[in-house]
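Take a look at the structure set out below.
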Amino acid sequence: MIVRKESIPPGPSGEAPSETFVLNLGPQHPAAHGVLRVLMTMDGEWITKAEPVIGYIHRMHEKMGENRTWAQFLPNTSRIDYLSAMHYTHAFVGAVERAAKIEVPPRAEYVRVITSELNRIASHMVWWGAMLADLGGLTPFLYAFDDRELILDLLEGICGARLTYCYYRFGGLCNDIDDDFVQGTRAFVKHMPPRLKMYRDLVTDNIILRKRLTGIGPISAEMCRKYGATGPVIRGSGVAYDVRKIEPYSVYPQFDFKIPTYPECDSMARYLVRMDEMEQSLRIIEQALDQLPAGPVMGKVPRVLKLPPGDYCYAVEAARGRFMVRIVSDGKDTPYRVKLRTPSFSNLSLYEEASKGMILPDALAMMGSLDLVIPDIDR
Amino acid sequence: MNDALTGDLIYIFAFFLGGLAFAFGPFVVVYLLAPRGTRNTINKTGQYIECGMEPIGDAWIRYSAVYYLYALVFVAFAVDVLYLIPVALVYGRESAVRDFVELVIFVGILSLVIVYAWKKGVFQWNRR
Amino acid sequence: MKPSIEQLTEAFSCLAGPVPAEVTAPSWPVAVYTVDANLKGYHFDAAVSPAQVVTAAEILDRFGFGLDAVTGVDWIAQNEMEVVYDYFHPEINLRVVVRTRVPRASPELPTISPVFPGANWHERETHDFFGIRFLGHPNLTPFLLPEDADFHPLRKDYQP
Amino acid sequence: MESQVDTSKIVTFAKLEDVLALGRANSLWPLTFGLACCAIEMMATGMARFDLSRFGAEVFRPSPRQADLMIIAGTVNKKMAPAVKLLYDQMLEPKWVMALGNCAISGGPFVYPGQYAVIEGVDQLFPVDVYVPGCPPRPEALIEGILKLEEKLTGKRRFPVAKLKE
């Protein structure tokens with residue numbers, strides 16, 4: 001016995017009304033890249049309203065910032081967005097160094113840039129595999145993780161962890177890099193371009209991918225600015241906004257690298273931006289390895305770190321966009337307030353407006369092109 | 001009924017039994033091999049699965065008509081294949097060319113369904 | 001279009017509005033000062049009264065800024081709550097901070113989601129953690145916390 | 001006439017349960033249920049280098065109806081707990097649970113006095129069969145967890161246990 005629930009609005013062209021139902025693309029879903037729940041009000045296959053519901057992996061990072069000393073919060077920073085953990089530690093360490101005016105030796109800055117760019121390539125590899133898995137292609141996942149394992153071996157060699165490195169310290173690094181890291185990185189930089197060329201021939205120029213992504217999920221530059229979306233999302237809409245170029249930090253001004261932007265504003269543009277970004281990261285690593293100065297890797301840091309009162313912030317170009325740490329200190333050795341402005345939070349906030357009227361497969365392809373990490377949203 | 005006919009009938013009957021076994025066999029095997037006890041307190045194994053959440057609303061609702069038209073095209077070709085099975089038995093007895101031409105004509109006429117659906121815009125998949 | 005700090009200072013000077021009586025924060029009334037970026041990380045800091053937050057957002061929206069974050073800080077010693085709006089600019093290296101203070105007893109200020117739709121989520125999260133009510137916000141329900149949560153964990157006097 | 005062949009070497013008779021256990025142990029289908037950082041390590045284990053398919057466990061089924069091993073890879077917080085419990089209830093009976101990573105075992109790095117969001121240990125929700133410590137545990141640790149679960153099912157250990165040098 002079919003019970004008709006709410007009264008059905010007449011169909012768009014006035015003939016027999018088709019019923020809208022609420023589909024629950026819930027916390028446990030392969031395309032959700034974690035525990036993101038999207039409440040989709042659907043009319044047939046077309047989405048009338050897709051409202052993301054988050055908070056299923058909220059882990060109280062900001063609350064933990066207030067009851068730990070500055071140094072104890074470091075392990076937390078690599079667990080916010082575990083795919084680009086180096087960037088997040090870099091931002092927190094940079095903010096504290098800026099507040100306490102700690103001098104960082106140049107060698108440490110160069111190693112920070114090298115490890116951050118390696119981490120960016122590793123993060124883009126996971127995105128690439130996951131996005132194509134969303135579109136149905138399961139083999140690229142295996143290729144992507146092959147290359148990523150090379151990076152993880154390199155980073156594991158110097159800081160012992162595969163994913164949640166806690167490698168930076170206030171004023172420098174926890175230990176210096178050794179020779180086989182340098183040789184390994186040079187070998188990796190030579191190994192990667194032919195692989196990227198293979199991915200371009202096999203996947204990027206594949207007609208199915210082109211048809212699935214071109215013109216899907218248009219996000220205009222104005223919408224990016226209004227919602228604060230940054231990173232490959234805003235660069236896919238034609239705006240060359242990259243924190244490494246616009247608000248230079250660390251030693252990035254020493255390198256010449258290009259910011260890839262594509263004006264088409266669709267999912268294909270965001271895809272191409274990330275693929276070109278990997279090549280730019282390789283160029284940065286190569287230049288950083290050539291100009292790597294000798295010298296200490298740890299500056300002078302007071303035994304118990306007490307920051308002068310006030311609020312300080314430090315922004316970094318993470319793999320997903322602009323990550324900013326705003327710390328408020330009241331002079332004690334524990335922070336008064338730690339605010340983590342994460343890129344995926346703003347990138348996802350435009351999803352409701354951007355996915356109106358799309359059909360479900362396209363909406364998921366667009367969500368893949370936003371490159372979300374859900375603990376990065378929930379913090 | 002001469003024995004050739006009974007031979008054929010036995011084949012068909014065996015084929016039918018095979019189909020039945022194939023259909024109901026798993027139920028029997030599962031009943032025999034599945035573990036008896038269950039640790040589930042609330043019996044949710046029969047519930048619809050909706051990504052870890054309580055399912056919202058009912059699945060029996062009206063969809064747009066485009067799926068129905070798509071299914072019709074499939075049914076047309078299913079019937080088409082149905083008629084090709086007996087042809088496969090007697091294919092090439094007299095002259096293979098004649099049979100081939102007949103097949104092409106038969107399939108050609110039936111593929112007009114695709115042309116008709118194309119013109120009616122079933123494959124544009126726009127909302128109706 | 002690329003604003004400069006002078007244009008911003010002159011635009012913000014029109015915000016010298018009345019001072020709400022019950023709020024006695026140190027950086028009051030409207031203080032607009034440029035900041036040394038490599039010390040603080042932002043170039044321009046404006047302390048405005050809660051009512052003028054929307055006009056500040058409109059000024060920055062006209063100049064082409066994007067909303068970065070909405071941060072709540074619970075100054076329990078001065079019995080006030082501070083709300084800090086961070087803005088970044090997609091073309092030039094100019095970061096603007098607009099801060100305001102609301103009394104801790106009744107923390108209310110108007111929402112800027114009509115101007116910056118991105119603020120919708122930021123404000124919902126700040127409401128979640130601090131209980132700051134944003135007037136006119138379309139949907140101030142618990143966001144990161146469970147649906148039936150009525151506690152505000154980041155307040156300094158929060159007991160689990 | 002050649003000598004009587006000693007069949008006990010070729011044909012071994014086992015109870016039906018043992019045969020079933022051997023079959024289940026070598027084809028544990030995990031439920032795709034990645035929560036946080038441990039999910040990335042679970043993916044890396046499923047990929048070519050650490051190759052979970054050597055143990056028949058590389059088929060990650062999205063629906064609880066077809067999975068028989070739920071790997072809790074990440075932090076379960078209070079908002080997610082009812083969903084995890086529902087998924088556990090929706091799984092059909094020969095099912096096992098593996099708590100992967102410190103967050104699933106005991107709340108991990110997010111446990112401190114006055115924490116309001118994280119469930120401290122998944123075994124508060126339902127019985128857990130294998131605990132794999134680490135934050136995140138290395139892919140080898142996850143494979144060791146799968147072997148430990150197989151040992152729990154069949155009673156025999158497939159690979160020799162790595163002996164620590166005295």
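Proteins get letters first, then strands, A, B, ... in listed order; numbering begins at 1 in each. Values below: all heavy atoms of this structure, side chains included; hydrogens, waters and symmetry mates excluded.
The shortest heavy-atom contact between A:Ile246 and C:Asn93 is O-CB, 3.1 Å. Closest non-hydrogen pair, A:Arg341 versus C:Ala69, comes out as CG-CB, 3.6 Å. Scanning both residues, C:Phe116 and A:Lys226, for their nearest heavy atoms gives CD2-O, 3.7 Å.
Side-chain atoms of A:Ser346 and C:His122, non-hydrogen and from C-beta on, do get closer than 4.5 Å to each other. Looking only at side-chain heavy atoms (C-beta outward), A:Cys313 and C:Arg95 come within less than 4.5 Å of each other. Within the 4.5 Å cutoff, side-chain heavy atoms of C:Lys156 are placed close to those of A:Tyr336.
In this structure, the portions of A:Asp311 lying under 4.5 Å from any heavy atom of chain C include both its backbone and its side chain. With a 4.5 Å cut-off on non-hydrogen atoms, A:Glu247 touches chain C through its backbone and its side chain both. Using a 4.5 Å cut-off between heavy atoms, C:Ile76 touches chain A through backbone and side chain atoms alike. Only the side chain of C:Glu147 has a heavy atom closer than 4.5 Å to any heavy atom of chain A. Of the two parts of A:Tyr56, only the side chain, counted from C-beta on, holds a non-hydrogen atom closer than 4.5 Å to a non-hydrogen atom of chain C. At a 4.5 Å heavy-atom cutoff, the contact between A:Arg326 and chain C is made by side-chain atoms alone. Heavy-atom distances place the side chain of C:Val84, and not its backbone, under 4.5 Å from chain A. At a 4.5 Å heavy-atom cutoff, A:Lys245 makes no contact with chain C through either its backbone or its side chain.
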A:Arg337 vs C:Thr71, side chain to side chain contact (heavy atoms under 4.5 Å, CB included): CA-CA, chis, key distance, verdict: CA-CA 9 Å; A:Arg337 168 84 162 101; C:Thr71 317; 4.0 Å; yes
C:Glu125 vs A:Lys339, salt bridge (charged side-chain N to carboxylate O under 4.0 Å, His left out): CA-CA, chis, key distance, verdict: CA-CA 12 Å; C:Glu125 185 206 341; A:Lys339 166 72 182 177; 3.6 Å; yes
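In this structure, C:Lys40 contributes its side chain and A:Ala99 its backbone to no donor-acceptor pair below 3.5 Å. The main-chain N or O of C:Pro90 is never found under 3.5 Å from a side-chain atom of A:Arg225 such that the two would form a donor-acceptor pair. Remark: side-chain polar atoms of A:Tyr227 are not paired, donor with acceptor, to backbone N or O of C:Ala119 under 3.5 angstrom.
Note on C:Val115, C:Asp86, C:Leu145: by heavy-atom pairs under 4.5 Å with chain A, the leading option is C:Asp86. Note on C:Asp68, C:Leu154, C:Val73, C:Asn120: by heavy-atom pairs under 4.5 Å with chain A, the leading option is C:Asp68. Of the listed residues (A:Met60, A:Arg379, A:Lys101), the greatest number of heavy-atom pairs within a distance under 4.5 Å of chain C belongs to A:Arg379. Each of A:Leu350, A:Leu348, A:Thr230 has some count of heavy-atom pairs under 4.5 Å with chain C, and the biggest count is that of A:Leu348.
Checked options A:Ile377, A:Ile54, A:Ile57; the residue passing with C:Leu144 is A:Ile54 (criterion: side chain to side chain contact (heavy atoms under 4.5 Å, CB included)).
Ring-plane geometry between C:Phe88 and A:Tyr241 is classed as tilted, the angle between the planes lying from 30 to 60 degrees on a 0 to 90 degree scale.
Relative to the six-membered ring of C:Tyr158, A:Lys63 misses at least one condition, a distance below 6.0 Å or an angle of at most 45° to the axis.
Ring centroids of A:His58 and C:Phe129 are separated by less than 6.0 Å, placing the two rings close together.
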